[in-house]
Q: 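Before anything else, here's the structure in question.
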Amino acid sequence: MSSRIEQTFARARAEQRSVLGIFATAGDPDRQKSAAILQAIARGGADFIEIGMPFSDPMADGPSIQAASLRALRSGMNLQGTLDMAAAVRAEFPDLPIILMGYYNPIYIYGNEAFLAAAAAAGADGLIIVDLPVEEDDELAQPTRQAGLDFIRLVTPTTRGARLEKVLAEASGFVYYVAVAGITGTKSAATETIAEAVSAIRAVTDLPVVTGFGIRTPQQAAAAAAAGDGVVVGSALVDRIAESAEKGKQADQIATETEAFVASLAAALR
Amino acid sequence: MAEAGLNSYRTGPDEKGRFGIHGGRFVAETLMPLILQVEAAWQAAQADSSFAAEMAYYQKHFVGRPSPLYFAERLTQHFGGAKLYFKRDELNHTGSHKINNVLGQALLARRMGKTKIIAETGAGQHGVATATACALFDLECEVFMGAEDVRRQKPNVDRMRLLGAKVHPVTSGTATLKDAMNEALRYWVAHPETHFYIIGTVAGPHPYPEMVRTFQSIIGTEAREQILEAEGRLPDALIACIGGGSNAMGLFHPFLDDSSVEIYGVEAAGRGIDTGAHAASLTGGKPGVLHGNRTYLLQNEDGQITDAHSISAGLDYPGIGPEHAWLHDIGRVNYVSATDEEALASFRLCSRLEGIIPALEPSHALAFAEQLVSGMDPDQLVILNMCGRGDKDLEAVLPLFEERGLLDRQD
């Protein structure tokens, strides 16, 4: 039986279009609005959803996602709450791949085995853990694979030569290409640079390649997607959530706007 | 020096950078290739006698090493117990032990062909040392410092500016050392090809804890020779304060295999461990992963890092170097703590009795020394690492003494 992630990429290939992944932090700006946002992302046409697990010290994230984490934590979100929110998305959208993204410490404190069991039970399909490079594979990546989930590998502009093979040796699901050397939500990469990197990755693996970091508009999404199999948009949506929360908008209005924004990105990839 | 053998405490870390369960390399993939380059360059430098010669030259002629081992006679009389010696690393150029490590890493950066340097700083001592080395070696210097620390350590900020460094005030989180380190790491992620990150303590991803320890071990190596020369025998106890733990590791490491030497690391108890407002990660934390390594961290039940508190900006950090975490687990080193108030009292006492204005950081070590030394015999020996001078702290400390009538002599 193929995984939800495999089915999603196969379907997009059959439809000759790119895959759209959308990131949002669980509990941002609060639990009720966040639940509405996650549903709106799925309804708007995201092919997969990355649910950010909030952390107090997100060292690879720029100001937007740092602030999202803090809003979520202040509203009382924690790792158990994040898993519960993932389960709610799963109940509503049985075929949508759900990737949990974040940092290692909250998982380590929850307990790796207990977390993997809970993540699988919640219907998650994969993990992206920013501060677990391949050198620390035995911490969580191997147990994740044994639990039947994908441990999504990040490839960056500094991942070159023999290291690329090492990083992708046991990769599964898809490859997440971090298009810029930098933190989330800041710089954007040139399309040619992305194309070169994606072809280097394709020389090493048959897995789909998804590009993220610095993709904010439908135009940028279309340009970046042309080089690979899909894109991820994060900070651009998170900024919209922050603005709406600041203006005191209600959950249903934020959801409507989120759905429209995601739909505009999805349309650009068809 | 004792041979590091099979049963040695001095052989760590292993090839994965682990000290027991602690240490490791928990960094984003963008940084991992750079960390591996630093490790390779560090190994090459250690095998190259010209690197050691270069270090020795600058230690002697620029830093002013060896620093004296000084018998603190009046404090010894005052405490009434063991003989208390100070390892005078506050006399180093730039006013603390930090320069020992910075010189090593700056020379390594130069060997790697890097021309730009990143550093984080808490009290500003590491920032000043880094700015100094960058002026000396013509390197461009970016220092990340919590906005709260910029306020309470202004003289050091001004020194860095004068030396040509750019100080970036960090307003995220609690605006202290932890956040400065986050921001320095974020800057490094965005500038991986051009910049070298000079970490100021025995923490971060492997090989930093080992590398910083090696550069700081000159403190303990000298102290060992000096006490043997002065007293003809090893000390009975060592004491050093601990934030990240670099001055302590530097003093302790050469003595770890001397089983007759009791070793004490003093964490900052802030307003008291039971108030929750402290920076004692071994006493009040549990193992977790932050800033590239696994170690004891102050955190809540969800794994979110909690705020540290200490009157001393240099100890105001919710973690500790991974080797200390391991030495705590195996019980080789005793980790204790001293409060803000105890440190303030020792700060004043040392100024009045020894004519040495200590930094707030070693004032914590001195506060514990008072308890320890007074219960020991007069023929016993204790070495305390006087790792920094207190000039930088006057602005924070003087108003407190003034309002309590403790500043001016009452006659």
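Sequence lines set the chain letters: A, B, ... in the order given, protein chains first and strands last, and positions in each chain run from 1.
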Q: Measure distances from B:Pro205 to the heavy atoms of chain A and classify the residue's part below 4.5 Å as side chain, backbone, both or neither.
A: neither

Q: Can you tell me which portion of A:Leu73 sits under 4.5 Å from chain B's heavy atoms? Options are side chain, backbone, both or neither.
A: side chain

Q: What residues, two or more places apart in sequence or in another chain, satisfy side chain to side chain donor-acceptor pair (under 3.5 Å) together with A:Ser235?
A: none

Q: With chain A as the partner chain, list the residues of residues 26-45 of chain B whose heavy atoms fall under 4.5 Å from it, by residue number, and write 'none' if nothing qualifies.
A: B:Phe26, B:Val27, B:Ala28, B:Glu29, B:Thr30, B:Met32, B:Pro33, B:Leu34, B:Leu36

Q: So do the side chains of B:Arg186 and A:Pro58 get within less than 4.5 Å of each other, counting heavy atoms only?
A: yes

Q: Assess whether side chain to side chain contact (heavy atoms under 4.5 Å, CB included) is satisfied between A:Met59 and B:Leu290, documenting all intermediate values.
A: CA-CA 9 Å; A:Met59 72 172 186; B:Leu290 180 71; over 6 Å; no

Q: Do A:Glu135 and B:Lys16 come within less than 4.5 Å of each other through their side chains, counting heavy atoms only?
A: no

Q: Select one option (side chain, backbone, both, neither) describing which atoms of A:Pro54 are under 4.5 Å from chain B's heavy atoms.
A: backbone

Q: Going by an N to O cut-off under 4.0 Å, is there a salt bridge joining A:Glu139 and B:Arg294?
A: yes

Q: For residues 314-325 of chain B, give me every residue with a non-hydrogen atom less than 4.5 Å from any non-hydrogen atom of chain A.
A: none

Q: Run the ring pair (Phe, Tyr, Trp, His ring centres under 6.0 Å) test against A:Phe213 and tell me which residues pass, sequence neighbours left out.
A: none

Q: For A:Lys187, look at atom NZ and say whether over 12 heavy atoms of other residues, nucleotides or ligands are found less than 6.0 Å away.
A: yes

Q: Is there side-chain contact between A:Ile183 and B:Tyr187, with heavy atoms separated by less than 4.5 Å?
A: no

Q: So what's closer than 4.5 Å to chain B heavy atoms on A:Val167: side chain, backbone, both or neither?
A: side chain

